[in-house]
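The sequence lines fix the lettering, A, B, ..., with proteins before strands; numbering per chain opens at 1. Quantities reported herein were computed from a predicted structural model and do not represent experimental measurements. Values below: all heavy atoms of this structure, side chains included; hydrogens, waters and symmetry mates excluded.
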Amino acid sequence: MTSNFIRHIIEQDLHSGKHAGRVQTRFPPEPNGFLHIGHAKSICLNFGTAQANDGRCNLRFDDTNPEKESQEFINSIMADIQWLGFSWSGEIRYASSYFEALFEFALQLIRAGKAYVCSLTPEQAREYRGNLTSPGRESPYRNRSIKENLDLFIRMRAGEFSDGTHSLRARIDMASPNINMRDPVIYRIRHVEHHQTGAQWPIYPMYDYAHCISDAIECITHSLCTLEFEDHRPLYDWILQNLDKSSLHAASDGVTTEAEYVLPRQIEFARLNINYTVMSKRKLKELVIQGFVNGWDDPRMPTLSGLRRRGYTPASIRNFCERVGISRSESVVDVGMLEHSIREDLDRSSPRAMCVLRPLKVTLRNYPQGASETLILPCHPKETSMGARELPFGRELFIDAADFEEVPPPQYKRLSPGAEVRLRGAYVIRCEEIVKDASGQPVELICSYDNATLGVNPQGRKVAGVIHWVPAGEALDVEVRIYDRLFSKENPDDKNGGDYKECLNPDSLLVMTGCKAEPSLRTALPEASFQFEREGYFCVDRLDSTADRMVFNRTVTLRDSWAKISS
RNA sequence: AGGGGUGUCGCCAAGUUGGUAAGGCACAAGGUUUUGAUCCUUGCAUGCGUUGGUUCGAGUCCAGCCACCCCUGCCA
């Protein structure tokens with residue numbers, strides 16, 4: 001476990017006794033889309049930090065903008081977190097369940113002269129805000145009396161005003177070089193139903209206002225978020241510091257005594273980027289809505305539900321996140337790192353099987369007509385505890401067309417005319433004749449087998465190549481979906497390259513039908529992973545696979561040093 | 001032009017009082033192997049954005065410069 005700056009901060013806090021040894025984090029998604037692997041980094045960080053320090057981690061839906069949110073997303077987020085292997089502390093939290101408290105705190109700010117109702121239109125407000133280099137101007141409503149502000153704000157809540165006519169603003173500093181401090185809006189009027197609170201509220205708090213108070217209510221000690229919120233930290237602190245601390249404590253879930261009640265600290269870290277994919281919810285949503293992929297859980301998507309369907313395991317994703325680390329520098333992680341993580345896990349855990357993607361018939365002419373035998377193959381080369389499976393062997397087989405070359409390139413170890421190759425777990429065969437169709441394509445290989453080579457190497461010669469095969473009669477007809485990266489450019493977000501959708505990889509999905517799988521696969525359950533020997537890791541599609549038409553998704557290929565040599 | 005950040009090997013990333021650059025991925029070369037897989041061994045930054053300075057000694061301290069990222073939603 002490599003160290004990082006957040007672990008350092010927590011160690012220091014633990015050492016100084018800042019929170020009396022307490023570590024409380026939270027994962028605060030907005031339910032406006034599916035979780036992706038970038039969220040996994042945050043989940044692992046937040047839940048992992050709590051776990052490592054005997055602390056707790058809440059799941060809190062940051063649901064302050066009902067227009068974009070829905071219960072469907074809440075459900076998927078909960079499922080994904082559990083699938084990843086984490087469990088939140090206590091009940092699920094919602095920022096919306098703090099609406100009443102949030103309203104009371106707003107009243108408190110107004111009474112202290114720290115907030116006012118502004119009646120500028122959104123357009124005017126933008127104009128008054130100034131820009132990056134010039135300061136803003138104070139709103140003409142900035143000096144309304146406390147009494148008037150109270151009256152107006154209460155009427156806002158009562159639903160007397162239409163959307164956008166008024167807003168509640170924090171009274172900070174219109175000349176601040178930090179634009180977030182130029183009297184930020186903390187409440188807006190929105191006459192829309194909320195997925196949790198229904199039609200109860202015509203006003204909704206803004207993120208900056210709701211988030212810090214929600215943290216304080218939940219007695220969060222370390223509020224971990226991504227770098228883009230760095231500029232918001234002064235506002236986060238301002239709001240909490242301008243509220244009466246004992247009233248915050250009173251509204252909190254009461255874990256600590258008054259003396260121990262410490263305000264949460266926001267700490268930012270760099271978000272995860274991976275090459276050959278996009279990581280913004282907006283773009284992922286666009287891919288779904290415009291039909292470039294088949295839903296949020298399309299196996300090509302970097303969403304957790306997509307990765308799951310692709311065959312990624314929770315452990316592989318957790319290991320990946322650990323490997324990538326936490327820092328404050330923006331970076332782009334090579335997708336090879338993710339692939340390494342899943343290969344590492346699946347190599348250890350998945351049983352081996354054979355499946356021929358592009359069947360080429362092989363007839364063993366010296367194998368007795370009508371005869372057959374049953375071979376026993378181990379399910380894993382190292383893990384003997386995984387047992388063995390049976391495989392029928394006979395005169396007619398299928399091998400993969402990719403394992404035969406009529407004119408073999410240098411160093412070729414597979415089958416070619418006159419050459420010998422080992423059938424995995426079975427005999428050594430020699431290719432003696434090629435049967436071709438009208439166009440000259442090989443359709444069948446007539447071979448001989450050496451019946452002295454079952455389980456032993458041939459005498460006096462070395463057979464270096466080993467290829468996979470299935471029995472022709474008993475093989476299962478299956479569909480195999482070959483997935484590749486969704487984008488063909490390393491950085492789809494690169495503005496110079498035009499719209500990110502222009503570099504979608506046209507070959508990101510290849511559906512192969514008529515593939516031949518060994519019969520032991522018949523009982524494979526949805527989501528089960530296998531290594532199809534010499535091909536890669538595949539899983540049974542959890543949604544589309546049926547007993548009479550099994551569907552396997554390619555999770556990732558095996559490392560392929562031959563591909564490097566041969567090209 | 002203002003504010004906030006970041007720059008250590010092709011990609012991530014450690015480096016906590018200045019003492020002479022962890023680890024992972026990738027890559028390369030060997031070895032084992034009935035998966036050209038796995039596994040094992042070895043190699044891979046006299047260099048830490050850059051230029052100066054302080055010091056016996058600097059990735060770590062100081063100053064200047066350069067590059068890149070974020071900020072002008074009543075989004076989060």
Asker: Is the closest basic N to carboxylate O distance between A:R271 and A:E330 below 4.0 Å?
Answerer: no

Asker: Indicate, with a heavy-atom threshold strictly under 4.0 Å, whether A:F229 touches base, sugar-phosphate, or nothing.
Answerer: base

Asker: Please name all residues satisfying side-chain hydrogen bond (donor to acceptor under 3.5 Å, both in side chains) with A:R328, sequence neighbours left out, ordered by chain then number.
Answerer: A:E230, A:E268

Asker: Any strand is fair game: report the nucleotide pairing with B:rU6 by Watson-Crick or G-U wobble, both distances under 3.5 Å, or none.
Answerer: B:rA67

Asker: When the P atoms of B:rA26 and B:rG47 are compared, how many Å lie between them, rounded to an integer?
Answerer: 27 Å

Asker: Any salt bridge linking A:E30 with A:K281? Criterion: basic side-chain nitrogen under 4.0 Å from a carboxylate oxygen.
Answerer: no

Asker: Taking the six-membered ring for Trp, are A:H39 and A:H36 parallel (under 30°), tilted (30 to 60°) or perpendicular (over 60°)?
Answerer: tilted

Asker: Please confirm whether the shortest side-chain N or O distance from A:R129 to OP1 or OP2 of B:rC71 is below 4.0 Å.
Answerer: no

Asker: Roughly how far apart, to the nearest Å, are B:rG59 and B:rU16 at atom C1'?
Answerer: 14 Å

Asker: On RNA chain B, nearest-nucleotide positions of A:T2 versus A:N180: which is more 5'?
Answerer: A:T2

Asker: Just the rounded figure in Å: distance from P of B:rG5 to NE2 of A:H232.
Answerer: 14 Å

Asker: Expected output is a numbered-order residue list: members of residues 330-339 of chain A with a heavy atom under 4.0 Å from any atom of RNA chain B. What is it?
Answerer: A:E330, A:S331, A:V332, A:V333, A:D334, A:G336, A:M337

Asker: Between B:rU50 and B:rC68, how many Å separate the two C1' atoms, rounded to a whole number?
Answerer: 14 Å

Asker: Both distances below 3.5 Å, Watson-Crick or wobble geometry, any strand: find the nucleotide opposite B:rA1.
Answerer: none

Asker: Nearest heavy-atom pair of A:P302 and A:V278: which atoms, and what distance?
Answerer: CG-O, 3.4 Å

Asker: From the list B:rA13, B:rG24, B:rG5, which nucleotide is the closest neighbour of the side chain of A:R323?
Answerer: B:rG24

Asker: Which whole number of Å gives the distance between the C1' atom of B:rA14 and that of B:rU60?
Answerer: 13 Å

Asker: Considering only the C1' atoms, how many Å lie between B:rU6 and B:rA76, rounded to the nearest integer?
Answerer: 23 Å

Asker: Distance check needed: B:rC71 C1' versus A:Y236 OH, whole Å only.
Answerer: 20 Å

Asker: Does the distance from a Lys or Arg side-chain N to an Asp or Glu carboxylate O, for A:D347 and A:R352, drop under 4.0 Å?
Answerer: yes

Asker: Just to verify, what does A:Y412 make a side-chain hydrogen bond (donor to acceptor under 3.5 Å, both in side chains) with, not counting sequence neighbours?
Answerer: none

Asker: If you take any heavy atom closer than 4.0 Å to RNA chain B, which residues from residues 118-125 of chain A end up in contact?
Answerer: A:L120, A:T121, A:P122

Asker: For B:rA28, what is the paired nucleotide under Watson-Crick or G-U wobble rules, both distances under 3.5 Å?
Answerer: B:rU42

Asker: What's the gap between B:rG2 and B:rC56 when it is taken at their P atoms, as a whole Å value?
Answerer: 38 Å

Asker: Check for me whether A:R424 meets the cation-pi criterion with A:W469, that is, NZ or CZ under 6.0 Å from the six-membered ring centre and within 45 degrees of the ring axis.
Answerer: no

Asker: Going by atom types only, do A:Q266 and A:Y236 share a side-chain donor-acceptor pair under 3.5 Å?
Answerer: no

Asker: Report which part of the nucleic acid A:M206 touches: base, sugar-phosphate, or nothing (heavy-atom distance under 4.0 Å, all strands).
Answerer: sugar-phosphate

Asker: Take A:E218 and A:Y98 through the test side chain to side chain donor-acceptor pair (under 3.5 Å) and record every step on the way to the result.
Answerer: CA-CA 10 Å; A:E218 294 176 19; A:Y98 308 138; 2.5 Å; yes

Asker: Can you tell me if the side-chain N/O atoms of A:T133 get under 4.0 Å from OP1 or OP2 in B:rU72?
Answerer: no

Asker: For A:N65 and for A:F5, locate the closest nucleotide of RNA chain B by heavy-atom distance; then report the residue assigned to the nucleotide nearer the 5' terminus.
Answerer: A:F5

Asker: Between B:rC74 atom P and A:F153 atom CZ, what is the distance in whole Å?
Answerer: 16 Å

Asker: Check whether NZ of the Lys or CZ of the Arg A:K283 lies under 6.0 Å from the centre of the six-membered ring of A:Y500 and within 45 degrees of that ring's axis.
Answerer: yes

Asker: Rounding to an integer number of angstrom, what distance separates B:rG15 and B:rA22 when you compare their C1' atoms?
Answerer: 8 Å

Asker: Specify the glycosidic conformation (syn or anti) of B:rG73, with syn defined as within 90° of 0.
Answerer: syn

Asker: Just to be sure I understand the geometry, which residues of residues 156-179 of chain A put a non-hydrogen atom under 4.0 Å away from RNA chain B?
Answerer: A:G164, A:P177, A:I179

Asker: How many whole angstroms separate atom CD of A:Q266 from atom C1' of B:rA76?
Answerer: 12 Å

Asker: For A:L132, report the nucleic acid contact type (base, sugar-phosphate, nothing); a contact means any heavy atom under 4.0 Å.
Answerer: base

Asker: Nucleotide by nucleotide, 5' to 3', does protein get under 4.0 Å of the base (B), only the sugar-phosphate (S), or neither (-) in nucleotides 33-41 of chain B, counting heavy atoms?
Answerer: -BBBSBS--

Asker: Between atom OH in A:Y187 and atom P in B:rA76, what is the gap in whole Å?
Answerer: 12 Å

Asker: Within the 4.0 Å heavy-atom criterion, would you say A:H468 contacts the bases, only the backbone, or no part of the nucleic acid?
Answerer: nothing

Asker: Please state whether the phosphate of B:rA13, meaning OP1 or OP2, lies under 4.0 angstrom from any side-chain nitrogen or oxygen of A:S327.
Answerer: yes

Asker: Does a side-chain N or O from A:R328 land closer than 4.0 Å to OP1 or OP2 of B:rU6, or not?
Answerer: yes

Asker: With heavy-atom distances below 4.5 Å as the criterion, would you say the side chains of A:D173 and A:N178 are in contact?
Answerer: no

Asker: Strictly below 4.0 Å, N to O, side chains only: are A:D183 and A:R142 in salt-bridge contact?
Answerer: yes

Asker: Can you tell me how far P in B:rU38 sits from the matching atom in B:rC25, rounded to whole Å?
Answerer: 11 Å

Asker: What's the CG-P distance between A:N275 and B:rA26, to the nearest Å?
Answerer: 13 Å

Asker: Taking the six-membered ring of A:Y427, is the NZ or CZ of A:R422 close enough (under 6.0 Å from the centre) and on axis enough (within 45°)?
Answerer: no

Asker: For B:rA76, does OP1 or OP2 lie under 4.0 Å from any side-chain N or O of A:R188?
Answerer: yes

Asker: Decide if atom CD of A:E123 counts as having more than 12 heavy atoms of other residues, nucleotides or ligands within a radius under 6.0 Å.
Answerer: yes

Asker: Whole Å only: how far is the CG atom of A:N4 from the C1' atom of B:rA14?
Answerer: 10 Å

Asker: Testing the 3.5 Å rule here: is there a donor-acceptor pair between the side chains of A:H166 and A:S119?
Answerer: yes

Asker: Return the CG to CG distance between A:L397 and A:L423, rounded to the nearest 0.5 Å.
Answerer: 6.5 Å

